Amino acid sequence: MFLKAKHQQEFHASGISDDTINRYVTQGYFQSVEDIQQFVKEKNLKISSQVGGSGWIMFYPNSNYYIFKADNPRCDNKGKPIKYETPYETQTDLFYPIDFDINKDKVIITEGIKKALKAVQEGYNTVSVSGCWNWKSKSTEDGINENFKKLVEMLKQASHTEVYLCYDNDLMFKPQVRQALIALSDYLLNNDILCKIIYLPYNKGQKLGLDDYLAKDNANLDKLIEKAKPLPETLISYVIKGRKLNIGKAMLVDIEKFGEKLKNELQYLPEKYFEFSKEVYLYYRQKEKKYIIKKTNFAFEVVEKIITIRQEVENEKDI
């Protein structure tokens, strides 16, 4: 096993220490490669024959999955460089860093291996998907990646675990990234996992990932975690569909606390709460993106009101 200085420096740029890098090198997960085609032939691995040259390869702990980053990447049919090469005809896997523990009280899901490596190095229990939509798959009947389903099942069994999503801060100005976040949040809630969103700082269009943020001198991820809330789109969508929240008492703390405070502010009108929630949803979608945080607080409060109404209506039916 060997690692070129330039590949080491690439991980240093994400704030990943030599100690962390060396652990992955010495345990056989991470190394530089001079000729990828010769390497995969010797190791009996699968990668596109169009990929060539040198680069680095990272094997995922406890998985047969791996990614290769070429020093001189090939381009796709649109002329865009392909950043990472993966084993063909294989569903993408999640990257679980060596020290990841599903049974810790918090689990952060992020995007990209460097972000997970940096976060775990700093004491944050983090797993990563390889792309914002890579928890989905075209090869499964329900469209969900089988490896992601395994994570969901583990999270459901770890009943006291709080789940957070932390994507790059471009979710603030890229609708397609936020849509991926909404879809993932919806899927988790449909599996009785209420996740909260960690918003990384946004400043003058500067893109920031979890690794970039943690590498800053003034980083305070604990504070961002404290501020994290569920996506209002997910909660409103869930309420509009008329389903009950069945996600365990620990996850309902915020909703119950706010619901008690506001339960008398609206009349018990079950025939109106559908239209009311729809109106709030449209209000949220029409506002400018720069007010996302402020709108999140507003919409979260509205959802709590709606849930309180429904709970009281159901209680009246039981009398």
Side-chain angles (χ1 to χ4, degrees), residues 10-24 27 29-30 58 60-63 67 93-132 134-135 147-148 150-172 177 180-181 184-185 188 193-203 206-231 250-251 253-254 293 296:
E10 182 180 335
F11 281 70
H12 285 168
S14 291
I16 299 168
S17 69
D18 285 334
D19 286 344
T20 297
I21 293 171
N22 290 336
R23 287 185 70 192
Y24 284 82
Q27 294 187 40
Y29 296 121
F30 184 35
M58 176 71 78
Y60 286 25
N62 304 311
S63 171
I67 61 172
D93 205 348
L94 289 83
F95 182 79
Y96 297 92
I98 294 172
D99 294 325
F100 176 81
D101 184 352
I102 194 70
N103 293 309
K104 287 188 176 180
D105 61 350
K106 292 181 176 64
V107 170
I108 298 174
I109 301 173
T110 190
E111 178 191 356
I113 66 170
K114 294 176 186 174
K115 293 158 193 173
L117 284 170
K118 174 61 176 175
V120 170
Q121 175 183 293
E122 302 305 323
Y124 297 98
N125 199 38
T126 306
V127 58
S128 71
V129 292
S130 56
C132 62
N134 280 35
W135 54 278
N147 293 314
F148 192 79
K150 293 177 183 177
L151 172 63
V152 170
E153 287 305 312
M154 289 191 293
L155 290 171
K156 290 167 74 172
Q157 292 174 21
S159 58
H160 298 293
T161 299
E162 294 184 1
V163 180
Y164 297 83
L165 302 182
C166 185
Y167 277 15
D168 294 357
N169 70 346
D170 58 0
L171 70 90
M172 305 290 273
V177 176
L181 196 69
L184 176 53
S185 177
L188 290 172
I193 298 170
L194 179 62
C195 62
K196 297 181 180 182
I197 309 304
I198 299 172
Y199 288 95
L200 299 175
Y202 169 69
N203 183 27
Q206 180 184 11
K207 185 173 178 180
L208 198 70
L210 182 54
D211 54 343
D212 304 316
Y213 175 71
L214 289 172
K216 289 180 172 291
D217 292 335
N218 62 344
N220 190 342
L221 189 60
D222 290 330
K223 186 175 181 180
L224 299 185
I225 289 174
E226 287 177 8
K227 292 181 177 179
K229 288 184 180 293
L231 278 173
M251 292 297 188
V253 170
D254 291 336
I293 302 296
T296 298

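As the structure is a computational prediction, the values presented were derived from the model and not from experiment.
- In this view, Asn134 and Ser130 satisfy the side-chain hydrogen bond (donor to acceptor under 3.5 Å, both in side chains) rule, not counting sequence neighbours.
- Going from atom CG of Asn169 over to atom NZ of Lys207 covers 8.5 Å, rounded to the nearest 0.5 Å.
- For Ile16 against Lys114, the heavy-atom pair with the smallest separation is CD1-O, 3.7 Å.
- Judged by distance alone, with hydrogens and angles left aside, the side-chain atoms of Tyr164 form no donor-acceptor pair with the main-chain N or O of Ala228 at under 3.5 Å.
- Atom CD of Glu226 sits about 11.5 Å away from atom CD1 of Ile198, to the nearest 0.5 Å.
- In this structure, the separation between OG on Ser185 and CD1 on Ile197 is 5.0 Å, given to the nearest 0.5 Å.
- With respect to the salt-bridge test (charged N to carboxylate O, under 4.0 angstrom), the residues Lys115 and Asp168 qualify.
- Atoms CD and CG, on Glu111 and Leu210 in that order, are 11.0 Å from each other to the nearest 0.5 Å.
- Among all heavy-atom pairs drawn from Leu117 and Phe11, the shortest one is CD1-CE2, 3.8 Å.
- Remark: the backbone N or O of Leu94 is not paired with any side-chain donor or acceptor of Asn147 at under 3.5 angstrom.
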Inset, instruction - Determine, step by step, whether Tyr29 and Ile98 satisfy the side chain to side chain contact (heavy atoms under 4.5 Å, CB included) criterion, reporting the C-alpha distance in whole Å, the side-chain angles of both residues, the deciding distance to 0.1 Å, and the verdict. - result: CA-CA 10 Å; Tyr29 296 121; Ile98 294 172; 4.0 Å; yes

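- Taking 4.0 Å as the cut-off between side-chain N and carboxylate O, Glu153 and Lys150 do not count as a salt-bridged pair.
- A cation-pi arrangement is not found for Lys106 relative to Tyr124, the charged atom failing to lie both closer than 6.0 Å to the ring centre and inside a 45° cone about the ring normal.
- Here the options are Thr20, Leu214, Ile21, the test is side-chain contact (heavy atoms from CB on, under 4.5 Å), and the partner is Gln121; only Thr20 passes.
- Taking each heavy atom of Ala116 and Thr110 in turn, the nearest pair found is N-CG2, 4.0 Å.
- The minimum heavy-atom distance linking Pro201 with Leu224 is given by the pair CD-CD1, 4.1 Å.
- For the pair Ile102/Val127, no side-chain contact is recorded, criterion being any heavy-atom separation below 4.5 Å from C-beta on.
- Just one of Tyr96, Phe95, Tyr24 meets the ring pair (Phe, Tyr, Trp, His ring centres under 6.0 Å) condition when paired with Tyr60; it is Phe95.
- Distance check, rounded to the nearest 0.5 Å: CD1 of Ile67 to CD1 of Ile113 gives 3.5 Å.
- For the atom pair OG1 of Thr126 and NZ of Lys104, the computed distance is 9.5 Å after rounding to the nearest 0.5 Å.
- Nearest approach of Leu200 to Gly209, heavy atoms of both residues: CD1-C, 3.5 Å.
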